[in-house]
Amino acid sequence: FSGGRQLDDDFIEDLEEVLYSSDMGATAVKIIERVQKAYKKREIESTEQVFEFLKKDLAERLSGGDTSLRRAASGPTVVLVAGVNGSGKTTSIAKLTKHFKEQGLSVLLAAGDTFRAAAVEQLTIWADRLDVPIVKGETGSDPAAVAYDAVEAALARQVDILLVDTAGRLHTQKNLMTELEKIRNVLSKKIADAPHEVLLVLDATTGQNAVQQAKLFSETIQVTGLVLSKLDGTAKGGAVISIRDQVDIPVKFIGVGEQPDDLEVFEPAPFVDALLE
Amino acid sequence: SISKSLDSVFSRFRKKGGVLTEENIQEGLREIRQALLEADVNFKVAKGFVKSIQEQAVGAEVLKSVSPGQQLIKIVHDELAVLMGEKAAPIQLNPGLTVIMMVGLQGSGKTTTCGKLAKLLSKQGRKPLLVAADIQRPAAIEQLRVLGKQLEMPVYTEEGGRPPDICQNGVRQASSQGCDVVILDTAGRLHIDDALMQELETVRKKVAVDEILLVCDAMTGQDAVNSAKEFNQRLEVSGVILTKLDGDTRGGAALSIRQVTGKPIKFVGVGEKLDKLEVFHPDRMADRILG
Ligand SMILES: Nc1nc2c(ncn2[C@@H]2O[C@H](COP(=O)(O)OP(=O)(O)OP(=O)(O)O)[C@@H](O)[C@H]2O)c(=O)[nH]1
Ligand SMILES: Nc1nc2c(ncn2[C@@H]2O[C@H](COP(=O)(O)OP(=O)(O)OP(=O)(O)O)[C@@H](O)[C@H]2O)c(=O)[nH]1
Ligand SMILES: [Mg+2]
Ligand SMILES: [Mg+2]
């Protein structure tokens, strides 16, 4: 063998630490099995090669989804944004707005959080700063009604992209998940293929609960992509490995700060490199 | 559940009685470590915890009345509850003015918790003043204003000041408003953002803060130790509030945060409404983490 230790218990323990510490815990057992299988087949011959193997293996598994947003064949593209409380939905919408405007597209915002204190004000400030129109309703009004009005406005104004913000909610709150489903249904009734994208915003600091979030949000509104926010912190966001493994939802964007510029299109390889550091 | 898996692990020892030995509890300890990791307890914290359980469990007489698995669970549960801290770690309330500062990562629930704490303290006969010291997040000041209005409590705000001065000015005019508790809402920040962490240190220098409460999201994973450690090292927090426990996260971050800061978890947030703040129960948290 070319230097390096063999896959003994101590090495496996070290490997476990790397996997668990980056929040890949839900898939750690499977990943270690793959490594041991590759080792038996001589695809890996030393511990140095384990990390090279894993970088390729995990990057491949995170690839292959469509990282671009699906556009409507004609008319406005409708993007629904959802996620648990405080994950970064509203700020991610500001970032996506800038992202689309830089591509020369026109954007309309829907202030679909009619519940939380100053939620509408927060998105309105972003709309003003980014110079895009916004559709809002009264605080306490039905968010589905705001969604309806927003689609009407999007069609009337012939905007390219409609971004629909929603209130934070826990996937365990059945009535709120039903409310979210209703919002989605309103969008799909008004425009044939809408929503063209359903983005779940996940906080990179979240542990394995992220997998449960992805499952339940997906069951309710058919999530098409993840936005992994707050990756500028020290959290690695490894839960997306388990999410791709169990629910097959790709990461489309990552959030790396609090300003509209702080959005990047997801790239598996550098993300996985950081995961395995 | 952990009790089922430990029972099955120990099913072959049930008839033997005798003593818990290093050999016969190895598999049980692995199950316990797995349960902790599934609950998002930090890897190193889980490892250390299991080691301390092993030291306590080895040599313990297996009681005739319970299975070895149940006995191991009791050792684990009791140790977890002890680590979670003493039951009621109340807010340190002064006879005169008490100043409380909320700090934490972005989106953890600070602003909402300011409102909840104000409501709780007013029920205890206090007169809170909320201070809007987050000047960077769009509509953060407005968010606290709305909560203040809902609670019918004053909110101190300022145009164009820096947070340390806003906090100092807010505290200075608290008693003129007849208030005896000041709750400072600060902007969410990364523990690795040196400038913003220094800003909090500056608040502490300028204002006599009685309580610094670290507000943490209960669904935080392995990173909980990193941020909690840094906030504590730089500010010497006096307590922790764990939010969003109304979800289904096991909340292992609670153990990690306790282990790395040694500070008490004083309250838990269990909902978005302003009455959704409860006193922390260490034994209930232990049950939840073990699943
Ligand atoms: N550092 C960092 N902070 C972020 C990022 N994305 C969002 N934030 C911050 O996280 C906090 C919460 O963001 P919001 O956009 O209000 O989150 P939300 O999901 O809309 O919250 P609710 O509507 O209350 O559920 C804010 O302080 C944001 O500035 C990111 O990528 N990096
Ligand atoms: N379900 C639930 N939601 C909560 C709880 N505490 C806060 N929230 C929600 O979490 C989201 C973020 O709360 P904020 O109070 O804005 O958080 P913050 O820490 O002030 O955010 P920043 O100032 O941007 O750092 C909001 O949607 C709150 O309603 C809780 O205990 N349970
Ligand atoms: Mg929002
Ligand atoms: Mg806040």
Side-chain angles (χ1 to χ4, degrees), chain A residues 13 16-26 28-29 84-91 94 115-126 128-129 139 167-173 176 203-210 212-213 216 229-230 232-239 255 257-258, chain B residues 33-34 37-44 46-47 105-112 115 136-150 187-193 216-227 230 243-244 246-253 269 271-272 274:
Chain A
E13 174 84 13
E16 275 186 330
E17 178 162 354
V18 172
L19 297 178
Y20 277 99
S21 307
S22 54
D23 286 313
M24 285 192 263
V29 170
V84 302
N85 308 73
S87 62
K89 300 174 290 299
T90 305
T91 309
F115 168 74
R116 204 208 69 211
V120 174
E121 284 81 352
Q122 183 185 3
L123 191 62
T124 301
I125 289 174
W126 283 122
D128 292 344
R129 285 185 190 174
T139 300
R169 70 203 67 221
L170 297 179
H171 48 289
T172 46
Q173 292 167 312
L176 295 184
D203 189 327
T205 65
T206 303
Q208 293 169 67
N209 196 250
Q212 203 51 18
Q213 291 174 26
L216 294 194
S229 68
K230 308 180 198 173
D232 47 319
T234 52
K236 302 275 186 79
E258 303 191 63
Chain B
R33 193 187 88 153
Q34 200 54 32
L37 291 174
E38 279 170 18
D40 287 327
V41 174
N42 178 269
F43 188 87
K44 288 207 174 92
K47 209 166 162 183
L105 295 175
Q106 290 90 344
S108 62
K110 297 173 292 302
T111 306
T112 310
Q136 78 99 14
R137 169 173 154 155
I141 297 174
E142 181 60 15
Q143 185 182 1
L144 199 65
R145 262 211 207 99
V146 171
L147 297 185
K149 201 145 152 281
Q150 287 175 6
R189 67 204 63 214
L190 296 177
H191 52 293
I192 52 173
D193 187 327
C216 298
D217 193 323
M219 52 183 125
T220 308
Q222 299 285 314
D223 195 55
V225 294
N226 300 327
S227 45
E230 188 63 17
T243 61
K244 307 177 203 173
D246 44 316
D248 61 357
T249 184
R250 296 260 291 273
E272 290 193 78
L274 296 177

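A quick note: this is a predicted structure, and the numbers were derived from the prediction, not measured. Computation of the quantities below employed the complete heavy-atom set of this structure, encompassing side-chain atoms and omitting hydrogens, waters and symmetry-equivalent molecules.
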> Checking B:Q34 against chain A: side chain, backbone, both or neither under 4.5 Å from a heavy atom?
Replying inline: side chain
> What part of B:L37 gets closer than 4.5 Å to chain A, counting heavy atoms only: side chain, backbone, both or neither?
Replying inline: both
> chain B: which of A:Q212, A:R129, A:R116, A:Q213 shares the most heavy-atom pairs with it under 4.5 Å?
Replying inline: A:R116
> Is any side-chain N of the basic residue among B:R145 and A:E121 closer than 4.0 Å to the acidic one's carboxylate O?
Replying inline: no
>> So which atom in A:L170 and which in B:D246 form the shortest heavy-atom distance, rounded to 0.1 Å?
In response: CD1-OD2, 3.3 Å
> Between the side chain of A:T172 and the main-chain N/O of B:G247, is any donor-acceptor distance below 3.5 Å?
Replying inline: no
> Heavy-atom distance under 4.5 Å to chain A: side chain of B:K47, backbone, both or neither?
Replying inline: side chain
> Between A:R169 and B:E272, does at least one N-O distance fall below 4.0 Å, as a salt bridge requires?
Replying inline: no
> Any idea which of A:A117, A:A210, A:G25 has the most non-hydrogen atom pairs under 4.5 angstrom with chain B?
Replying inline: A:A117
> At a heavy-atom separation under 4.5 Å, does A:E16 approach chain B through its side chain, its backbone, both, or neither?
Replying inline: both
>> Among B:D248, B:T220, B:D40, exactly one meets side-chain hydrogen bond (donor to acceptor under 3.5 Å, both in side chains) together with A:N209. Which residue is that?
In response: B:D248
> Given the options B:E142, B:R137, B:R250, B:E38, which has more heavy-atom pairs under 4.5 Å with chain A than any of the others?
Replying inline: B:R137
>> Can a donor-acceptor pair be found, under 3.5 Å and without considering hydrogens, that links the side chain of B:S108 to the backbone of B:L105?
In response: yes
> Quick one: what part of A:Q208 sits under 4.5 Å from any heavy atom of chain B, side chain, backbone, both or neither?
Replying inline: both
